Amino acid sequence: MASPWLRPPSAPIRGVKALVIAAIVLVMLYPFAYVIFASFSAAGSTMQASLIPSEWTLDAYRAILQGGVVTRALWVSAGVTLVGTAMSVFFTITLAYGLTRTREVPGAKPILYLVLFTMLFGAGIIPNYLLVKGLGLLDTYWALILPGLISAFNMVVVRNFFMQIPTELFEAARIDGAGEVRIFTRIVLPLSKAVVAVIALFYAVGYWNSFFGAMLYLNDASKWPIQLVLNQYVLQGTPLSQFENPNSVPPPAQAVSMAVVVLATLPILVIYPFAQRYFTKGVLTGAIKG
Amino acid sequence: MLRVRWMYAFIIPGFLFFVVFAYVPLLGNVVAFQDYSPFLGFTGSPWVGMANFQALLTGPELIDSLRNTLIISLLQIVFAFPAPIALALLLNSLLSERVKRVVQSIVYLPHFISWVIVISIWQEVLGGAGAVSQLAQLFGGDSVNVMSNPDTFQLLVTLQVIWKETGWGTIIFFAAITAIPQDLYESSACDGAGPLRRIWHVTLPGIVPVIMLLLILRLGSVLSVGFEQLILQQPAVGADAAQVLDTFVYYRGVLGGDWGISTAAGLLKGIVGTLLVLAANKLAKRSGAEGLF
């Protein structure tokens, strides 16, 4: 966007800017770097503030990936994320498409308003808990998926995108004899890849990161997803080793904690570069005019 | 030509979800008017009228958590709200597209990391055994634990929000900045305005409507502060500093079994919050911004 008439500012201003930016980048990245290095450190907590460990080891990862609590929690999170994201995306885009024709479909407009109202007023923690309990979903993985299956905000983002598709395309397809389902899968979806990718990402991140739902609805510790395990063993300080193989010599507790943090962050770091190019496009289509 | 019946096939599953998981729980709020017992259920529990609300408003707990909520909200509005505006202006003033993109991808990242991970990472750097503490000991000082100090906790919470969300918050301001016509910059540059004056007289006025809208909406949700963020840290610093309205409902209701009173607190917060958002929206519209709905 740099126009030819823009000249670089004076040297002192550029210097100050460079310093500020460097400071911001450092503040953002240092904690991540510290945690990653700490997870490979054989010395554990005696790192003495130097970032690079004096002795490298994979013991921490070996210990937690042996098939204990952390391994199981990672699988739970992965499963819930996959199933949840697929279901959420499916039901969000179908509802969004169904609500694009509020004029022709009787009842669609009130339904749209009912959906929008949920963004304004939620029932609160206790009534939701009582509902999940009443439906018999306590201590099931469905409790992590069903209560947040569709986000009204994401639905609005997708609906706005669908509304921008020229209706002539649909008319033409209808004249050619295509049914509504065919129009949806062959015309609407291929044109909406970017927005579907964005909401899929948002849902996936949401499921992977979800903590409170699990804390509320899962008493059975053997079903816990990774975020809850992280809270228990890293933040609340419950020793992890008692649940692991008692015969092996435990690696330093700090390295183990940090390895759990790294493993819980890894999926986000892996998909982040791929998803990034959709952010601006996808967020802006929906967020500006909600 | 539109086959209306098919459209219902698209609508009904999603709508059923909202009926069951958004509207049925609304009815669950009757618990606020009951001395609810899980064994007796909705139908068996005795009705107590407004007694739960009375107990809430006369007891000290609600007032304490309301005060903490408002203090944290205020700190966030004063410090966390302007941060993305400043960062967006700074990044926008960079001439190198490549540097801009790299910095953007770095500052967006924490938004996608869960609160559990963010706090674990902070704990590791700023906690009692963390990097800062080690550094302090290296220079002969005492170990410091910023993470469990109730006196500075509310500032800490604000700093965490700034760290996690500032980068992501710039997106909307970038969008607003892109919408400013380029010739405004060119003509002001021709009139001799330097880079700082162009920011002050062109960029800032150009994004003021978005700033106003977001600020007003933020005021509307003044009763909601990061729930997960607080509930994760409450054990470390104690209720005096960390108890907010949402954590009050959780501790008192789910853990304490005081279903009626905590539902009343949640309902009160929901109603006041909704009224605030509606009022904020009206204010946004009156101030000339587009409003949200």
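Chain letters run A, B, ... following the sequence lines, proteins first, then strands; residues in each count from 1. Because the structure is predicted, anything quoted here is derived from the model rather than measured.
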Answer key: most heavy-atom pairs under 4.5 Å with chain A among B/Gly167, B/Ser93, B/Ala22 is B/Ser93
Tell me, side chain or backbone of A/Ala152 under 4.5 Å from chain B's heavy atoms, or both, or neither? both
Heavy-atom proximity to chain B below 4.5 Å, by part of A/Ala178: backbone
The interface call for A/Leu116 against chain B, heavy-atom contacts under 4.5 Å, is neither
One option among A/Gly107, A/Pro147, A/Gly124 has the most heavy-atom pairs under 4.5 Å with chain B, and it is A/Pro147
What residue in A/Phe91, A/Phe117, A/Phe170, A/Trp208 has the most heavy-atom pairs under 4.5 Å with chain B? A/Phe117
Between B/Val24, B/Val249, B/Leu109, B/Leu26, who has the most heavy-atom pairs with chain A when the cutoff is under 4.5 Å? B/Leu109
B/Leu91 versus chain A, the contacting section by heavy-atom distance below 4.5 Å: side chain
Please confirm whether the backbone N or O of B/Tyr250 pairs with a side-chain atom of A/Tyr129, one donor and one acceptor, at under 3.5 Å? no
In terms of heavy-atom proximity below 4.5 Å to chain A, should B/Val254 be classed as side chain, backbone, both, or neither? both
Non-hydrogen atoms of B/Ile11 and A/Val105 that approach each other most closely: CD1-CG1, 4.3 Å
So for A/Ile150, is it side chain, backbone, both, or neither that comes closer than 4.5 Å to the heavy atoms of chain B? both
Is B/Gln123 in contact with chain A via its backbone, its side chain, both, or neither, using a 4.5 Å heavy-atom distance? side chain
With respect to chain A, which residue among B/Leu196, B/Leu90, B/Val107 yields the maximal number of heavy-atom pairs within a distance under 4.5 Å? B/Leu90
Under 4.5 Å from any heavy atom of chain B, what part of A/Leu137 do you find: side chain, backbone, both or neither? side chain
Looking at A/Gly148 and B/Phe17, what are the two nearest heavy atoms and their distance? C-CZ, 4.2 Å
With respect to chain B, which residue among A/Leu269, A/Val234, A/Val25, A/Leu130 yields the maximal number of heavy-atom pairs within a distance under 4.5 Å? A/Leu130
Return yes if some donor-acceptor pair links the side-chain N/O of B/Gln34 with the main-chain N/O of B/Phe42 below 3.5 Å, else return no. yes
For B/Ser96 and B/Val99, indicate whether the former's side chain and the latter's backbone hold a donor-acceptor pair under 3.5 Å. yes
Given B/Pro110, B/Ser105, B/Pro13, the one with more heavy-atom pairs under 4.5 angstrom with chain A than any other is B/Ser105
Between A/Pro106 and chain B, with a heavy-atom cut-off of 4.5 Å, which part of the residue counts as in contact: side chain, backbone, both or neither? both
Heavy-atom closest pair (A/Glu104 atom, A/Arg101 atom, distance to 0.1 Å) is OE2-NH1, 3.2 Å
I'd like to check A/Tyr97 versus A/Ile183 (side-chain heavy atoms, cut-off strictly below 4.5 Å). Are they in contact? yes
Verify side chain to side chain contact (heavy atoms under 4.5 Å, CB included) between B/Asn92 and B/Phe173, making sure each step is shown before the conclusion. CA-CA 10 Å; B/Asn92 187 60; B/Phe173 296 109; over 6 Å; no
Side chain, backbone, both or neither: which part of B/Val20 has an atom under 4.5 Å from a heavy atom of chain A? both
Among B/Ile113, B/Val125, B/Val31, the residue with the most heavy-atom pairs under 4.5 Å to chain A is B/Ile113
Within residues 115-122 of chain B, which positions have a heavy-atom distance to chain A below 4.5 Å? B/Val116, B/Ile117, B/Ile119, B/Ser120, B/Ile121
Part of A/Met155 lying under 4.5 Å from any heavy atom of chain B: neither
Using every non-hydrogen atom in the two residues, find where A/Ala259 and A/Ser39 come nearest and quote the distance to one decimal. N-CB, 3.5 Å
For B/Ser114 versus A/Gln227, what's the shortest heavy-atom pair and its separation? OG-OE1, 2.6 Å
Short question: side chain of B/Ser187, backbone of B/Leu184 - any donor-acceptor pair under 3.5 Å? yes
Smallest separation among heavy atoms of B/Ile172 and B/Gly169, with atom names: CG2-O, 3.6 Å
B/Asn281 side-chain N/O to B/Leu217 backbone N/O, donor-acceptor pair under 3.5 Å: no
Quick test of your reading: applying salt bridge (charged side-chain N to carboxylate O under 4.0 Å, His left out), list the pairs with at least one residue in residues 254-272 of chain B, sequence neighbours left out, ordered by first then second residue. B/Asp246-B/Lys269, B/Arg252-B/Asp258
Identify which part of A/Ile93 has an atom lying under 4.5 Å from any heavy atom of chain B, answering side chain, backbone, both or neither. neither
Closest-packed option against chain B by number of heavy-atom pairs under 4.5 Å, given A/Leu114, A/Leu135, A/Val132, A/Thr100: A/Leu114
When the 4.5 angstrom heavy-atom criterion is applied to A/Phe212 and chain B, the contacting part is both
Checking A/Leu99 against B/Phe15 for the side chain to side chain contact (heavy atoms under 4.5 Å, CB included) test, could you report, in this order, the C-alpha distance in whole Å, the side-chain angles of both residues, the deciding distance, and whether it holds? CA-CA 10 Å; A/Leu99 292 178; B/Phe15 182 54; over 6 Å; no
Verdict with supporting geometry, A/Arg174 and A/Glu180, side chain to side chain contact (heavy atoms under 4.5 Å, CB included): CA-CA 8 Å; A/Arg174 285 196 189 100; A/Glu180 293 304 323; 2.8 Å; yes
Using heavy-atom distances under 4.5 Å, tell me whether B/Ile231 contacts chain A through its side chain, its backbone, both, or neither. side chain
Given a strict heavy-atom distance threshold of 4.5 Å, which part of B/Phe112 is in contact with chain A: side chain, backbone, both, or neither? both
Non-hydrogen atoms of chain B under 4.5 Å away: do they reach the side chain of A/Leu29, the backbone, both or neither? side chain
At a heavy-atom distance under 4.5 Å, which candidate from A/Val20, A/Ile13, A/Val35 has the highest pair count against chain B? A/Val35
Under 4.5 Å from a heavy atom of chain B, the part of A/Ile226 involved: neither
In terms of heavy-atom pairs under 4.5 Å with chain A, the winner among B/Trp6, B/Trp259, B/Phe18 is B/Phe18
Side-chain touch A/Phe202/A/Ser151, heavy atoms, less than 4.5 angstrom: no
Under the criterion side chain to side chain contact (heavy atoms under 4.5 Å, CB included), I'd like the reasoning laid out for A/Ile125 against B/Phe227: C-alpha separation, chi angles, the key distance, then a yes or no. CA-CA 11 Å; A/Ile125 299 166; B/Phe227 183 20; 3.5 Å; yes
What residue, out of A/Val205, A/Leu235, A/Val261, has the most heavy-atom pairs lying under 4.5 Å from chain B? A/Leu235
Tell me, for B/Tyr23 versus chain A, whether the close heavy atoms (under 4.5 Å) come from the side chain, the backbone, both or neither. side chain
Part of B/Ile12 within contact of chain A (heavy atom distance under 4.5 Å): neither
